[in-house]
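One structure is given here, and the rest of the page talks about it.
The structure presented is a predicted model; accordingly, all values stated were derived computationally and were not measured.
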Amino acid sequence: MPSPCISVCRVSADTGLCEGCFRTLGEISAWARSGPEVQRELWRTIGQRMAAVRA
């Protein structure tokens, strides 16, 4: 499963999410240890976060 990273992560103090990949620090650090199902679920969560930002 490809990582959602698009660059060097920068976490927003306001949202607690990376400005590029929309993950929390905990999600970023757990990515490599997570199995494919957990990673797929996080991709779905990222999609929801991105949609919320656009709304």
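The salt bridge (charged side-chain N to carboxylate O under 4.0 Å, His left out) contacts involving residues 43-53 comprise E27-R49, E41-R44, where partners must be two or more places apart or lie in separate chains.
Using a 4.5 Å heavy-atom cutoff, the side chains of P4 and Q39 are not in contact. The closest side-chain heavy-atom distance from I28 to C18 is below 4.5 Å.
In this structure, the side chain to side chain donor-acceptor pair (under 3.5 Å) partners of E37, at least two apart in sequence or on a different chain, are R40. In this structure, the salt bridge (Lys or Arg N to Asp or Glu O under 4.0 Å) partners of R10, at least two apart in sequence or on a different chain, are E19.
In the hydrophobic clustering, L25 connects to V11, either directly or through intervening members, whenever side-chain heavy atoms lie under 4.5 Å apart.
The two atoms that bring A30 and S34 nearest to each other are O-OG, 2.8 Å, heavy atoms only. Across all their heavy atoms, C9 and C21 have their closest contact at SG-SG, 3.9 Å.
Rounding to the nearest 0.5 Å places CH2 of W43 at 7.0 Å from OG of S3.
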